[in-house]
Amino acid sequence: MQRIEDILRAVVITATQELFGQAAAGEQVQFQKTRKEFAGDITIVVFPLTRLSKQSPEATAEAIGTYILSHFASADAFNVVKGFLNIELKASFWTSFLKDMSTHDKYGFGDKGSRGPIMVEYSSPNTNKPLHLGHLRNNFLGYSVARILEAYGHDVVKVQIINDRGIHICKSMLAWQRFGNGETPASSGLKGDKLAGKYYVAFDKAYKAEIAEGITSGKSEDEAKASAPIMLAAQEMLLKWEQKDPDTIALWKTMNGWVYDGFDATYHEMGVDFDKLYYESDTYLLGKETVDLGLEKGVFYRREDGSVWCDLTGDGLDEKLLLRKDGTAVYMTQDIGTAIMRFREYPGLLSQIYTVGNEQEYHFKVLFLILKKLGIPGAENCVHLSYGMVELPEGKMKSREGTVVDADDLLAEMAATAQAIAEEQGKLEDVSADEKAVLYKTIGYGALKYFLLKVDPRKTMLFDPKESIDFIGNTGPFIQFNYVRTRAILRKADAADLKVDWQIDNLSDAERALIKKLYEFPDVLATAAQTLDPSQIANYVYDVVKEYSSYYQASPILKEEDPNIRSMRLSLTEQTGKVVKAGMELLGVGMPERM
RNA sequence: GGUCCCGUAGCUCAGCUGGAUAGAGCAUCUCACUUCUAAUGAGACGGUCACAGGUUCGAAUCCUGUCGGGAUCACCA
């Protein structure tokens, strides 16, 4: 369906040609939504057109308005305020739009797969540390962006990279060997990721004790750190791992398995998933091979000590290490390997989108530049979806100070809050216990997801655990509640009223405003997809719902006596619910049928 | 020190091609439930858009500088 802006733009261009003898350029025809205090549906800003008309803004607007009225059938009236030409469209324009949208299941969505394949990476946690609030923002963001891109018409591949090798893994393995007494998730009742995290902490504690001991026996701090027996043992274990020592590999597999099980449980609760997992243990070798290639091409160089570097000073950056002097890979090496492997496995991939915190902006700038220098096709389209930290009132989360907000705990808390509120309201007495449990999660998790996604991703945001997350106002539950209202009405409506062949020739201001909002959805989706910004969808859906809520309070729907109007209002209710549900599902938020 | 991001109401945030009198939610205060689900609605209160210049018919938005906050510049990941 052709957008109103495009139609009007064409009309204005011919108008300027006929009236002023010179056609306006497309970008000179500027539109904006008419402000609520003025009559009209769409406003043309005529200032840029005065250059063609050589007349005052008012006269220019008047002339164009008159032309539009006689050349565009859907225009009903116009008024001019300073340089703003407000155009009122006929009610039939909006009613026929409403009827038209009701014939589309996926109103506003792009054709499936019409925009090519694209990859979105998110999550990618440290396997030694359980997921926390920051990961929740990351996962919800990445998952939502993937859904938005899919709705926009891309084929999306959701992936994560699992950092499953390196000295940090050996630390928790070693601590478990020393202090674990064979403890397993089954024997301890702990989630696997929590168990591994526990031994990672235990390692750190033992290590610190050994450093302190070393210092008291007269060593410097650096010496004490370097000679701490448990650290030496961890390094030895890494060496064994790289030599594929069977016992070490077996332990590695076992403990990683626990962690993955734990993460999977959390991902399941969060409602996110992945199409493909990449493991650094599989990709770092390709990274190392690529270093050789870069050396051959002269993109990299080797220093006397054997280390390999890339000189980016010509691009305003620094020199970057790619291989240590002992020949082992660093983070960057692995990421190069991973990126290349992905482009190989998914030929035609338009872009890779990395959902990673903004503290790694420099890393990704360097990564993309190196990929480009290596001549990897697609490198120039890679994007770092950089998001801000979630901070607490006292600042960043710090594990040392015990201020880390654990993802599992927070999710459980959200469901419990939803339960408490629901029980207080007592509207769910006839719902089964199983259904209630699902509902509390839908509402509680919905509140959390909406809370994290309604904010511009790149901004640092604040989370106050003491105030917890609201369920009223601009929140997920408020949106769900209004959706539930639409469902309740539609359940109660007579089948005979649920038709779209109603005939209405005028709309109330509230109805017109609501339909106009629904009309915006495709534009909002496009903006969200292009800017990788779910907050666009979140704030839009809130606007829709606020409009509906006000309308609902003021206008009878089922109780409207005129069957024609009743049917129209039911259509409006149904279409509002459809857009709200579609929008919230793009955020990964489920919509309950009742609450 | 270099580079990047941010600064809008008491608090949390919108404001995206530069446009009309800068908007929401929370908090505070009024009013409205025998009603299609009040997890609501209507209203009041609340702003030198950090500051100073500049560009423009027009700047919260673009440019420059200053101040304040954060990140980053590892043979860590």
Side-chain angles (χ1 to χ4, degrees), chain A residues 27 30-32 34-35 37-38 43 45-48 50 57 81-84 86 124 126 128 163 166-168 280 303 305-309 316-318 320-326 328-332 334-335 357-363 365-366 386 388-389 391 393 395-396 418 421-422 424-425 427 443 447 451 454-456 458-464 467 470-482 484-493 527-528 530-531 533 535-536 538-540 542-543 546 549-560 569-570 573 594-595:
Chain A
E27 67 273 13
Q30 294 180 8
F31 296 97
Q32 58 182 282
T34 305
R35 294 182 67 109
E37 58 267 36
F38 302 108
T43 295
V45 185
V46 299
F47 293 105
T50 54
V81 181
K82 293 195 242 176
F84 299 94
N86 301 320
S124 307
N126 182 326
N128 276 313
N163 174 7
I167 188 80
H168 55 289
E280 280 181 0
R303 286 191 183 167
D305 65 5
S307 58
V308 176
W309 296 74
L317 303 171
D318 301 291
K320 186 73 198 174
L321 177 83
L322 293 163
L323 278 186
R324 296 189 185 97
K325 63 187 167 207
D326 65 5
T328 54
V330 294
Y331 183 42
M332 185 59 74
Q334 295 167 173
D335 268 9
N358 61 12
E359 76 275 13
Q360 295 199 37
E361 273 171 13
Y362 181 76
H363 171 79
K365 202 184 274 183
V366 170
S386 167
M389 299 290 105
E391 289 192 349
K396 292 181 73 172
I421 294 174
E424 197 182 311
Q425 309 235 351
K427 287 190 264 187
I443 298 167
F451 178 85
K454 75 174 172 184
V455 179
D456 184 339
R458 70 205 168 115
K459 284 194 175 176
T460 301
M461 66 178 295
L462 188 88
F463 172 76
D464 189 344
E467 289 183 9
D470 273 335
F471 283 62
I472 53 177
N474 184 358
T475 65
F478 170 73
I479 293 166
Q480 290 170 328
F481 172 69
N482 277 285
V484 163
R485 280 169 156 175
T486 69
R487 302 309 296 164
I489 287 179
L490 292 165
R491 271 196 304 272
K492 288 179 184 165
T527 306
Q530 286 157 12
T531 57
D533 182 0
S535 78
Q536 296 294 323
N539 288 302
Y540 166 76
Y542 175 64
D543 282 346
K546 205 156 40 118
S549 188
S550 173
Y551 174 64
Y552 168 96
Q553 197 92 2
S555 309
I557 296 168
L558 283 177
K559 293 186 175 173
E560 167 59 40
R569 290 184 174 173
L570 282 167
T573 294
R594 54 176 296 187
M595 68 188 277

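The model shown is predicted, which means the values in this text are computed figures rather than measured ones. Per chain, numbering begins at 1; letters A, B, ... match sequence-line order. These numbers come from the heavy atoms of this one structure, side chains and all, not from hydrogens, waters or symmetry mates.
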As a test of reading the structure: which of [options] is closest to the side chain of [X], going by heavy atoms?
{"X": "A:Arg458", "options": "B:C6, B:A39, B:C75", "result": "B:C6"}
{"X": "A:Ser550", "options": "B:A71, B:U40, B:A42", "result": "B:A42"}
{"X": "A:Lys459", "options": "B:C36, B:U72, B:U8", "result": "B:U8"}
{"X": "A:His168", "options": "B:U72, B:U37, B:A77", "result": "B:A77"}
{"X": "A:Lys396", "options": "B:A77, B:A71, B:C73", "result": "B:A71"}
{"X": "A:Lys427", "options": "B:U37, B:A77, B:C4", "result": "B:U37"}
{"X": "A:Arg485", "options": "B:C6, B:A77, B:U37", "result": "B:U37"}
{"X": "A:Val45", "options": "B:G19, B:U37, B:A20", "result": "B:G19"}
{"X": "A:Lys559", "options": "B:C75, B:A39, B:U35", "result": "B:U35"}
{"X": "A:Gln30", "options": "B:A14, B:A77, B:G19", "result": "B:G19"}

- Test item: side-chain donor near acceptor, A:Arg485 and A:Ser549, under 3.5 Å: yes
On a whole-Å scale, what distance lies between the [atom1] atoms belonging to [N] and [M]?
{"N": "B:A20", "M": "B:U3", "atom1": "P", "value": "35 Å"}
{"N": "B:U48", "M": "B:A9", "atom1": "C1'", "value": "13 Å"}
{"N": "B:U66", "M": "B:U56", "atom1": "P", "value": "24 Å"}
{"N": "B:G23", "M": "B:G46", "atom1": "P", "value": "14 Å"}
{"N": "B:A42", "M": "B:C33", "atom1": "C1'", "value": "14 Å"}
{"N": "B:G43", "M": "B:G25", "atom1": "P", "value": "10 Å"}
{"N": "B:C63", "M": "B:G7", "atom1": "P", "value": "14 Å"}
{"N": "B:U40", "M": "B:A77", "atom1": "P", "value": "49 Å"}

- Message: Mind checking if A:Glu359 touches a base, just sugar-phosphate, or nothing, with heavy atoms under 4.0 Å?
- Response: sugar-phosphate
[N] pyrimidine/purine six-ring stacking with [X], under 5.5 Å and 30°:
{"X": "A:Phe84", "N": "B:G19", "value": "no"}
{"X": "A:Phe47", "N": "B:G19", "value": "yes"}
{"X": "A:Tyr542", "N": "B:A24", "value": "no"}

State the [atom1]-[atom2] distance between [X] and [Y], to the nearest 0.5 angstrom.
{"X": "A:Arg594", "Y": "A:Arg487", "atom1": "CZ", "atom2": "CZ", "result": "14.0 Å"}
{"X": "A:Lys492", "Y": "A:Leu490", "atom1": "NZ", "atom2": "CG", "result": "11.5 Å"}
{"X": "A:Arg303", "Y": "A:Leu323", "atom1": "CZ", "atom2": "CG", "result": "13.0 Å"}

- Item | Option from A:Glu361, A:Arg458, A:Gln360 for which side-chain hydrogen bond (donor to acceptor under 3.5 Å, both in side chains) with A:Ser386 holds | A:Glu361
Looking at [N], I'd like to know if its phosphate oxygens (OP1 or OP2) sit under 4.0 Å from a side-chain N or O belonging to [X].
{"X": "A:Ser549", "N": "B:G41", "result": "yes"}
{"X": "A:Arg324", "N": "B:A77", "result": "yes"}
{"X": "A:Lys82", "N": "B:C57", "result": "no"}

Examine the base of [N] for any acceptor or donor lying under 3.5 Å from a partner atom in the side chain of [X], and report the outcome as yes or no.
{"X": "A:Thr43", "N": "B:A20", "value": "yes"}
{"X": "A:Asn86", "N": "B:A20", "value": "yes"}
{"X": "A:Asp305", "N": "B:C75", "value": "yes"}

Please report, rounded to the nearest Å, how far the [atom2] atom of [N] is from the [atom1] atom of [X].
{"X": "A:Arg35", "N": "B:G23", "atom1": "CZ", "atom2": "P", "result": "5 Å"}
{"X": "A:Ile472", "N": "B:G25", "atom1": "CD1", "atom2": "C1'", "result": "9 Å"}
{"X": "A:Gln32", "N": "B:U17", "atom1": "CD", "atom2": "P", "result": "10 Å"}
{"X": "A:Tyr552", "N": "B:U40", "atom1": "OH", "atom2": "C1'", "result": "9 Å"}
{"X": "A:Met389", "N": "B:C4", "atom1": "CE", "atom2": "C1'", "result": "14 Å"}
{"X": "A:Gln553", "N": "B:G43", "atom1": "CD", "atom2": "C1'", "result": "14 Å"}
{"X": "A:Leu462", "N": "B:G69", "atom1": "CG", "atom2": "C1'", "result": "13 Å"}
{"X": "A:Gln360", "N": "B:C76", "atom1": "CD", "atom2": "C1'", "result": "11 Å"}

- Query: Does atom CD of A:Glu37 have more than 12 heavy-atom neighbours, drawn from other residues, nucleotides or ligands, at distances under 6.0 Å?
  - Reply: yes
- Pull out every stem in RNA chain B, meaning runs of 3 or more consecutive Watson-Crick or G-U wobble pairs with both distances under 3.5 Å. B:1-7 with B:67-73, B:10-13 with B:23-26, B:28-32 with B:40-44, B:50-54 with B:62-66
- Note on the structure: Heavy-atom closest pair (A:Lys454 atom, A:Ala538 atom, distance to 0.1 Å) is CA-CB, 3.7 Å
- Relative to each other, are the rings of A:Phe84 and A:Phe47 parallel, tilted or perpendicular (30° and 60° limits)? perpendicular
